[in-house]
Amino acid sequence: MDGLSSREGPLKIALFTNDSGMVRLVQSALAAEGVECAQYGEEIQLARALHREDFSAIVFDATAGLDASHPVLARRACFGDRRAPLVAIGNFYAHEEMHAALSAGADDIVLMPVDPRELRLRVLLAVRRFASHADVQGGAPLDDAELETGVYRFRRRDGSVHVDGRAVRLTAREFAIAWVLFSQQGSYVTRRAIAAAVWGSSEEIAGRTLEQHVYKLRKKLGLDGARGIVLRTMYAHGYRIEHVREHPAPRQPEAELAHDKRPGKIGTIKVHTSSSEAARNAQPWPSESESWGFLRGCS
């Protein structure tokens, strides 16, 4: 396939894997095209490289699974980074697994065991597809993705946010954090994942700044539950966007104390027999005359 080299030179592929066998396979499959492969074994390393460098494609080892919380996929999602296609290699045997991988952010998939010819074809076609879109639009492919949850609406192309129809201004990083959290609502997103996706750095480096951004985000968007959405924080788990459920009205006590106000009468407790299993199986209280007879017999 001719004409697939970039204008600046040969194609450069970012390869995410710790499997030396896969490194050799990918390199040999693309060697004929003069492709340069840069291998990354750590999530943060790849996220940082994607922030600083331009790649023609990303080949992702997904044999251990693939989900949207991965820092690389989260970064592509929150910043709308569509400069390079992502081709995932994995055991996507079921239709649901293929759909999940594509929904998580993969642009194409290659099944294990890998056929080098198929891998080469899919990577080069993905590069050509993205290049043609960029040529038509005068840059990276535009992304019109939107998120809408309750009264919150996010549009990625221009980084706009509306809450109950009112525009709220967020910084680029605040928007990126909000996108990561809202796109994975109901699930905890770790501080490590957010730091790698938004800052391209470790949690230790971005930790304090991350806390400040989350604090401002919570205030600006009113994520205290008043609008039906709350931002939860859990130690060692991270942050989670969740819907607020209405708390049921407190139940009225089913046992009530009813005192017989007549002189010399003992107060009794009326218990609804349907209130509990114990109440339904309880023996009836003895009558007053039976009680006094029992006491006289004991004297």
Side-chain angles (χ1 to χ4, degrees), residues 1-6 9-51 53-77 81-134 140-141 183-184 187 189-190 192-193 196-197 200:
M1 298 179 70
D2 299 327
L4 288 176
S5 294
S6 66
L11 298 181
K12 185 176 181 180
I13 305 296
L15 173 58
F16 178 71
T17 185
N18 280 309
D19 185 345
S20 58
M22 183 170 290
V23 173
R24 291 192 297 270
L25 187 150
V26 173
Q27 288 176 336
S28 62
L30 300 173
E33 302 295 330
V35 174
E36 177 187 346
C37 288
Q39 185 245 336
Y40 300 92
E42 297 292 334
E43 299 170 347
I44 294 178
Q45 289 178 348
L46 178 55
R48 187 178 296 133
L50 293 176
H51 176 67
E53 303 179 45
D54 286 325
F55 293 93
S56 304
I58 305 166
V59 177
F60 193 99
D61 180 357
T63 52
L66 183 71
D67 62 76
S69 66
H70 189 283
V72 172
L73 297 176
R75 180 175 182 81
R76 281 164 52 88
D81 187 351
R82 306 290 294 168
R83 293 173 297 164
L86 187 147
V87 179
I89 301 175
N91 300 309
F92 308 112
Y93 297 127
H95 174 75
E96 293 76 13
E97 294 173 338
M98 296 182 186
H99 183 268
L102 295 172
S103 298
D107 297 295
D108 205 347
I109 57 177
V110 177
L111 300 181
M112 296 283 288
V114 177
D115 181 339
R117 294 170 298 178
E118 179 188 1
L119 174 62
R120 172 179 173 272
L121 181 63
R122 288 189 179 277
V123 169
L124 296 182
L125 284 177
V127 172
R128 171 175 285 178
R129 189 164 61 247
F130 267 58
S132 63
H133 290 167
S183 64
Q184 299 178 57
S187 300
V189 183
T190 65
R192 178 173 178 268

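Remember, it's a predicted structure, so these values are computed and weren't measured experimentally.
The two residues Ala101 and Phe92 come nearest to each other via the heavy atoms CB-CE2, 3.6 Å. Heavy-atom minimum distance, Lys12 versus Asp54: CD-O, 4.3 Å. Heavy atoms only, all atoms of each residue included: Ala29 and Pro116 are closest at CB-O, 3.7 Å. Closest approach of Ala57 to Val127, counting heavy atoms only: CB-CG2, 3.8 Å. Ala106 and Ile109 make their closest contact through CB-CG2, 4.5 Å (heavy atoms, listed as atom of the first residue, atom of the second, distance). Between Ala14 and Tyr40 the shortest heavy-atom distance is CB-CE1, 4.2 Å.
Side-chain atoms of Leu11 and Leu124, non-hydrogen and from C-beta on, do get closer than 4.5 Å to each other. Here the side chains of Cys37 and Val26 are in contact, with some heavy-atom distance below 4.5 Å. Put simply, the side chain of Glu43 reaches to within 4.5 Å of the side chain of Pro71, judged on heavy atoms. Residues Arg117 and Leu121 have side chains not in contact (no heavy-atom distance under 4.5 Å, counting atoms from C-beta outward). Considering only heavy atoms from C-beta on, Leu50 comes within 4.5 Å of Phe55 through its side chain. By the 4.5 Å heavy-atom criterion applied to side chains, Leu66 and Phe60 are counted as neighbours. Val87 places none of its side-chain heavy atoms less than 4.5 Å from the side chain of Ile58.
Note that CD1 of Ile89 and CG of Leu25 are 7.0 Å apart. Values are rounded to the nearest 0.5 Å. Note that the CD atom of Gln27 and the CD1 atom of Ile13 stand 11.5 Å from one another [nearest 0.5 Å]. The distance from the CG atom of Asn91 to the CE atom of Met98 is 10.5 Å, given to the nearest 0.5 Å. Gln39 CD to Leu46 CG: the interatomic distance, rounded to the nearest 0.5 Å, is 10.5 Å. Separation of atoms CE (Met112) and CE (Met22) is listed at 4.5 Å; rounding is to 0.5 Å. Between Arg75 atom CZ and His70 atom NE2 the span is 13.5 Å, to the nearest 0.5 Å.
Residues Asp107 and Arg76 are paired through a salt bridge, judged by an N-O separation under 4.0 Å between the basic side chain and the carboxylate.
Looking only at distances, no side-chain donor or acceptor of Glu33 sits under 3.5 Å from a matching main-chain atom of Leu30. In this structure, the side chain of Glu53 does not engage the main chain of Ala49 through any donor-acceptor pair within 3.5 Å.
A side-chain N or O of Asp61 and one of Thr63 form a donor-acceptor pair less than 3.5 Å apart.
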